[in-house]
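If you read the sequence from its start, that first residue is 1, and numbering goes on from there. Whatever order the structure lists them in is the order used to number ligands and atoms, beginning at 1.
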Amino acid sequence: MKPVRKAIFPVAGFGTRFLPATKAVPKEMLPVVDRPLIQYAVDEARAAGIEQMIFVTGRNKYAIEDYFDSAYEIESDLAAKNKTSVLDKLESTRLSPGKAAFVRQQQMLGLGHAVACARDLVGDEPFAVLLPDELLWNPAAPCLKQMADTYARKGGNVVAVLEVAEDQTHKYGIVDPGATEGAVTEVRKMVEKPAAGTAPSRLAIVGRYILQPEIFALLEKGERGAGGEIQLTDAMAKLVGTQPFHALTFDGERHDCGDNAGFIQANIALALERPEIADSVKAFIRTLV
Ligand code: UTP
């Protein structure tokens, strides 16, 4: 079984739910406490053993590329002032040359299309996809690491799922579950944004995927699905039955940071885990409720 060494981060979306902020700042650069969303996703990938990060970006997203570069002026100034603890914080933001690649999605044709833009950089090997606006939080066992462990046992394709409320299924790719073994469920079918009352289950795919390269040929057919977009879920649905396909119920907290309320909730939840600010944030929340 080939190891998963590469990860795709599709970050070309317009982030319209965060306008006007996203007019000039990519959604993925919005901070949860003090780290931008993209940093959480890259840290999660690293923890799962990913060696190469591939960012599918678009116009106005160059802040992401700058973020993962070294920042000579800041670093030399901090070094001169001996501010080593601040310098240490910058350590994980630098991706070595050759370990990060950037490709532009020139037309916003959907998540499936964004993933296909990285085809030549991935080549003929399994890869991960992480949507950075989904903050999947379990510092002890990050989501992609949980999935990599499942992949090591089952091979094939693995998606992360969580149970959502019945009236929310129309917002997600939903899995039709087969045999279940602990947190791992065989996938029989999947459907993108099923119409109300038609979802095969409440198991929603939440922005983490380990996929086999055969998906690229399916994506390149360019078939349009829900919303007129090239949907990753539709291409995955075609792989089901031809390759092992499993859903792993993620053990941890999920914050949908593509949504205004989810983003604020993520900030509160993670702030309460920071000893240096937890007490003051808690005291402030008490004054409100
Ligand atoms: P979303 O639709 O949730 O993100 O896509 P968005 O378009 O940035 O936000 P809104 O809905 O306008 O507020 C999920 C993920 O897929 C990427 C997005 O960047 C996001 O990470 N994506 C989506 C692409 O990279 N390209 C696309 O064509 C579509």
Side-chain angles (χ1 to χ4, degrees), residues 6-32 36-45 53-65 67-68 100-119 121-122 127-136 143-144 159-162 164 168-174 192-193 204-209 211 215-216 219-236 254-266:
K6 299 183 179 179
I8 301 175
F9 301 85
V11 292
F14 291 133
T16 45
R17 284 169 287 175
F18 282 89
L19 281 170
T22 44
K23 187 178 165 200
V25 180
K27 175 170 73 175
E28 298 74 20
M29 291 306 298
L30 299 177
V32 171
L37 282 169
I38 192 74
Q39 179 78 56
Y40 290 92
V42 164
D43 288 347
E44 182 185 329
M53 318 288 172
I54 302 166
F55 302 88
V56 181
T57 70
R59 283 166 55 74
N60 292 333
K61 295 275 182 164
Y62 36 82
I64 298 175
E65 202 165 336
Y67 176 79
F68 287 111
F102 296 83
V103 58
R104 278 195 178 187
Q105 185 188 19
Q106 293 168 344
Q107 280 177 290
M108 225 48 64
L109 298 180
L111 176 60
H113 179 256
V115 169
C117 289
R119 177 182 191 161
L121 293 170
V122 170
F127 61 98
V129 178
L130 297 93
L131 306 190
D133 54 0
E134 289 278 3
L135 207 172
L136 299 184
C143 183
L144 194 64
V159 292
V161 293
L162 277 176
V164 297
Q168 296 294 303
T169 51
H170 66 283
K171 297 181 177 170
Y172 297 90
I174 301 289
E192 181 64 25
K193 300 189 173 72
I205 303 170
V206 287
R208 298 292 184 276
Y209 314 78
L211 298 169
I215 192 119
F216 287 124
L219 289 171
E220 291 209 336
K221 289 185 180 161
E223 288 169 17
R224 307 295 177 108
E229 295 191 337
I230 300 170
Q231 297 287 357
L232 184 60
T233 307
D234 295 344
M236 291 192 300
R254 172 204 177 217
H255 301 291
D256 177 6
C257 292
D259 170 77
N260 294 171
F263 178 73
I264 300 296
Q265 286 160 20

So, taking the atom named CG in Leu111 and the one named CG in Leu131, what distance separates them when rounded to the nearest 0.5 Å? 5.5 Å
For Glu65, salt bridge (charged side-chain N to carboxylate O under 4.0 Å, His left out) partners two or more places apart: none
Measure across Gly13 and Lys61 and return the closest heavy-atom pair with its distance rounded to 0.1 Å. O-NZ, 2.9 Å
Around ligand 1, what residues show up once you keep those with a heavy atom under 4.0 Å from it? Pro10, Val11, Ala12, Gly13, Phe14, Gly15, Thr16, Arg17, Lys27, Glu28, Gln105, Met108, Leu109, Gly110, Leu111, Ala114, Asp133
Report the relative orientation of the aromatic rings in Phe127 and Phe216; use parallel for angles under 30°, tilted for 30 to 60°, perpendicular for over 60°. parallel
Donor-acceptor pair, distance only, cut-off 3.5 Å: does the side chain of Lys6 make one with the backbone of Val122? yes
I'd like to know whether Glu192 forms a side-chain hydrogen bond (donor to acceptor under 3.5 Å, both in side chains) with Tyr172, so could you lay out the CA-CA distance, the side-chain angles of the two residues, the decisive distance to 0.1 Å, and finally the verdict. CA-CA 6 Å; Glu192 181 64 25; Tyr172 297 90; over 6 Å; no
